[in-house]
There are 2 protein chains.
Amino acid sequence: MNIRELARRSGVSTATVSRALNDRAEVSEATRARIRRLATELGYAPNEPARTLVRRRSDTIGLIWDSGQEAQGLHNPFLLGLLSAVRTALSEADYHLMLLTTAGDDDPDGAYLQAVQRHNLEGVIVLTTPPDDRCLRALAASTVPCAGIDTAFTGPRTVRVSSDNAAGAAAAVQHLYELGHRRIATVTGPLHLPPAAERLTGYRRACERLKLPVPDAYVVEGDFFLASGEAAARGLLDLPEPPTAIFAAGDQMAIGALHAAADAGLSVPRDLAVVGFDDIDAAALVRPALTTVAQDQRALGEAAVAALRGLLDADPGRPADLVHAYIVPTRLLVRGSSRV
Amino acid sequence: MNIRELARRSGVSTATVSRALNDRAEVSEATRARIRRLATELGYAPNEPARTLVRRRSDTIGLIWDSGQEAQGLHNPFLLGLLSAVRTALSEADYHLMLLTTAGDDDPDGAYLQAVQRHNLEGVIVLTTPPDDRCLRALAASTVPCAGIDTAFTGPRTVRVSSDNAAGAAAAVQHLYELGHRRIATVTGPLHLPPAAERLTGYRRACERLKLPVPDAYVVEGDFFLASGEAAARGLLDLPEPPTAIFAAGDQMAIGALHAAADAGLSVPRDLAVVGFDDIDAAALVRPALTTVAQDQRALGEAAVAALRGLLDADPGRPADLVHAYIVPTRLLVRGSSRV
DNA sequence: CTGTTAGCGCGTTCAC
DNA sequence: GTGAACGCGCTAACAG
């Protein structure tokens, strides 16, 4: 079933069919309706490769989501929601979505770039990825429009989307303050990662505003994984003046802090309050359930799509400074680990 | 950069370039090498839409992974690993991957089918999806090759891939038996779902083999979510003769059982042992860590790709009975919730 | 408002 | 072993 057959059956030319199906103005309403009806009746669907070939655009976006295994267990739960949101938002904007990989390519460094070229991709969305990915750097350095969520790359046609990490962290501190806590420590992520650094900044700013002391010992760098949070919390609880509350920049570390508290014979939230970040699935499953700063995956996904579309519509020559950062608000979910 | 330009620069015709790049036999080794080198040098990449158009095949597989929101929080953590495995396996087999959605289509019932037609997809892989999806049924009923992981659909060119749910459940029971438990109860998933039913079968068979009594009260149907596991466990612990071990057919329910035990003042694993299924992220994060039957996501993904390729290579006329079921083994992860 | 025609980039005949 | 010509399904440009 192709456009020629459809034309034959409806007694018009292929050009008219094409115009009718693509909602061009120059077709009479009557013929348009007739053709559309016939098309659905016959189960006609346009051949995208052919359209792509002639229109020189594919309406297709590439998606890169983690080329390495390092991120395993880290932002994972998070990614799925993101992926879902991106998929939905793109499809609502009538874009198709292609998953990209580096594997199986002769020239791994240019793999993504080649994929974009091969498939005529209009742009690429990048979900959390190791920042040292050479293949990704090559992409960012090109003129391919890229929107990254929580990624640290920059290039000529690049936008970054992320949660308002600083504000989220500040909200966590504020929440603990309102519960009466005055000694609030933090466990950070690896500080070379932007989200980790931003969350620390938010923590510091909130403490400053609230006139809370932040001794150096109250800031411990972790790696976002459980064990680091547990170790950090253990250290914090052993201090001469231990904190009464811990803000961990990631849920896994926060859960580690819960374990450390239990081991120290402390009751959460009575003796120690804990707040995490991300709202991974496990946050609602542990006991006490974890109070956490939830990232809005749906909003992040939609923002990424919006950002990319902005880039696509923008004049390629112009720097896209105006839209160079999309910040999505977070939401504090108060659960048992902080509230009494 | 296209094949014509490449031909001009290498002093041969486009036909020769095409033959060289596609590893056809009728080209001399020398020219092939020369052309290949020039191609990488110039960053040439074939235009897939054009290739697809003329070859009438796209080397592209569609992926459907959850059209509804119902599954939220259920198999989620699981899906991501699957997705990753499928992506890798497909790309190693030189297939491209396209994410499909129903959204934004006029004829939602035929949305997937249309997508397959539009993009010339060779086949589709379906990850866990609500079984009542009409759109999916339409796809399964067609002649499009489909491989489903844990899905309940069947059709003329359909393969199902799943974990060996029965064996996994049996292994859990066996493990508990070896620890000395003789009163082992189970919390099942919704029994209309094949995985839930299979896990129950495995449980029953193992109990029978080990001559363990299974009073009706020891089999409680849950819904895979936390609360149902908690409620079921509470009921079980209130029995006149409560079990000393619970096998829950899903990790969330198992974690619910841990909560119930804690509320009843029981110590896990001393007073009650608990085993789950799936190995979601949270299983390793809760305390005590959850013993669970892990599904091998990587193997499942690879099996799905293998199954689909089998279907693609098979004679379309022939029923594909020989390969109609791919069963992937599970692995018991013993953690603190069972081992003393 | 509609039809005719050219050509998007490539793989594949058929000649040589 | 190589080249010239054709056509995949569709849209765009132009003609009517």
Side-chain angles (χ1 to χ4, degrees), chain A residues 1-40 42-60 94 96 114-122, chain B residues 1-40 42-60 94 96 114-122:
Chain A
M1 196 66 245
N2 59 21
I3 206 177
R4 201 144 46 218
E5 180 64 11
L6 200 58
R8 204 179 56 68
R9 299 224 198 179
S10 53
V12 294
S13 73
T14 59
T16 301
V17 172
S18 173
R19 284 191 279 246
L21 263 28
N22 289 305
D23 279 323
R24 289 247 178 299
E26 325 96 306
V27 195
S28 80
E29 219 20 86
T31 50
R32 183 199 314 288
R34 191 160 48 86
I35 291 171
R36 294 203 89 105
R37 196 156 31 74
L38 203 62
T40 39
L42 299 175
Y44 168 81
N47 181 313
E48 291 297 340
R51 294 187 80 211
T52 299
L53 193 55
V54 63
R55 294 193 318 152
R56 299 148 146 272
R57 57 172 296 181
S58 61
D59 290 334
T60 302
D94 281 321
H96 307 129
Q114 292 238 350
V116 168
Q117 215 180 114
R118 286 170 71 136
H119 298 288
N120 260 302
L121 301 181
E122 327 247 327
Chain B
M1 197 64 245
N2 59 20
I3 204 177
R4 200 146 43 218
E5 182 64 12
L6 200 57
R8 203 178 58 68
R9 300 223 195 178
S10 53
V12 295
S13 74
T14 59
T16 301
V17 174
S18 171
R19 285 191 277 247
L21 262 29
N22 289 305
D23 277 323
R24 287 249 178 294
E26 325 97 307
V27 194
S28 79
E29 221 17 88
T31 50
R32 182 199 313 289
R34 190 161 47 85
I35 292 173
R36 295 203 88 104
R37 198 158 29 75
L38 202 62
T40 38
L42 298 175
Y44 168 81
N47 181 313
E48 291 296 339
R51 291 187 84 212
T52 300
L53 194 55
V54 64
R55 295 194 317 151
R56 298 148 147 271
R57 57 172 298 182
S58 61
D59 290 333
T60 302
D94 280 321
H96 307 128
Q114 294 239 348
V116 169
Q117 218 181 112
R118 286 170 70 139
H119 297 288
N120 262 303
L121 302 182
E122 327 249 325

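Chain letters run A, B, ... following the sequence lines, proteins first, then strands; residues in each count from 1. Computation of the quantities below employed the complete heavy-atom set of this structure, encompassing side-chain atoms and omitting hydrogens, waters and symmetry-equivalent molecules.
Rounded to whole Å, atom C1' of C/dG7 lies 16 Å from atom CZ of A/Arg55. What separates CG of B/Asn47 from C1' of C/dG9 is a distance of 6 Å, to the nearest Å. Separating the OH atom of B/Tyr44 from the P atom of C/dG9 is a distance of 11 Å, rounded to the nearest angstrom. At whole-Å resolution of the value, CG in B/Asn120 and P in D/dG9 are 9 Å apart. Residue B/His119 contributes atom NE2, which lies 15 Å from atom C1' of D/dC10 at whole-angstrom precision. The distance from atom CE of B/Met1 to atom P of C/dC10 is 9 Å, rounded to the nearest whole Å. Atoms CG (A/Leu53) and P (D/dG7) sit 16 Å apart, rounded to a whole Å. Put simply, CZ on A/Arg19 is 12 Å from P on D/dA13, counting in whole angstrom units.
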Query raised in the report: Can you list the steps and then say if A/Leu42 with A/Leu6 is a side chain to side chain contact (heavy atoms under 4.5 Å, CB included)?
Result: CA-CA 8 Å; A/Leu42 299 175; A/Leu6 200 58; 3.7 Å; yes
**Report entry** Steps toward side chain to side chain donor-acceptor pair (under 3.5 Å) verdict (A/Arg51, A/Asn22)
**Finding:** CA-CA 11 Å; A/Arg51 294 187 80 211; A/Asn22 289 305; 3.1 Å; yes
Requested in this report: Please assess A/Leu38 against A/Tyr44 for the test side chain to side chain contact (heavy atoms under 4.5 Å, CB included), listing each intermediate value before the final yes or no.
Outcome: CA-CA 8 Å; A/Leu38 203 62; A/Tyr44 168 81; over 6 Å; no
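Between A/Thr60 and A/Asn120, every side-chain heavy-atom pair lies at or beyond the 4.5 Å cut-off. Proximity of A/Asn2 to A/Asn47: side-chain heavy atoms (C-beta onward) are nowhere separated by under 4.5 Å. Using a 4.5 Å heavy-atom threshold, the side chains of A/Arg34 and A/Ser10 count as touching. Using a 4.5 Å heavy-atom cutoff, the side chains of A/Arg32 and A/Asp23 are in contact.
Here the side chain of A/Thr14 pairs no donor or acceptor atom with the backbone of A/Ile3 at under 3.5 angstrom. Within the 3.5 Å criterion, the main-chain N or O of B/Glu122 finds no donor-acceptor partner in the side chain of B/Arg57.
Within the nucleic acid shown, B/Pro46 comes within 4.0 Å of sugar-phosphate atoms alone, with no base atom in reach, counting heavy atoms only.
Contacts between residues 21-35 of chain A and DNA chain D, defined by a heavy-atom separation below 4.0 Å, involve A/Asn22, A/Arg24, listed by number. Residues from residues 2-18 of chain A placing a heavy atom under 4.0 Å of any atom in DNA chain D, listed by number, are A/Asn2, A/Ile3, A/Arg4, A/Ala15, A/Ser18.
Nearest nucleotide to the side chain of A/Arg56, out of D/dT11, D/dC8, C/dG9: C/dG9.
Taking only side-chain nitrogens and oxygens, B/Arg51 comes nearer than 4.0 Å to OP1 or OP2 of C/dG11.
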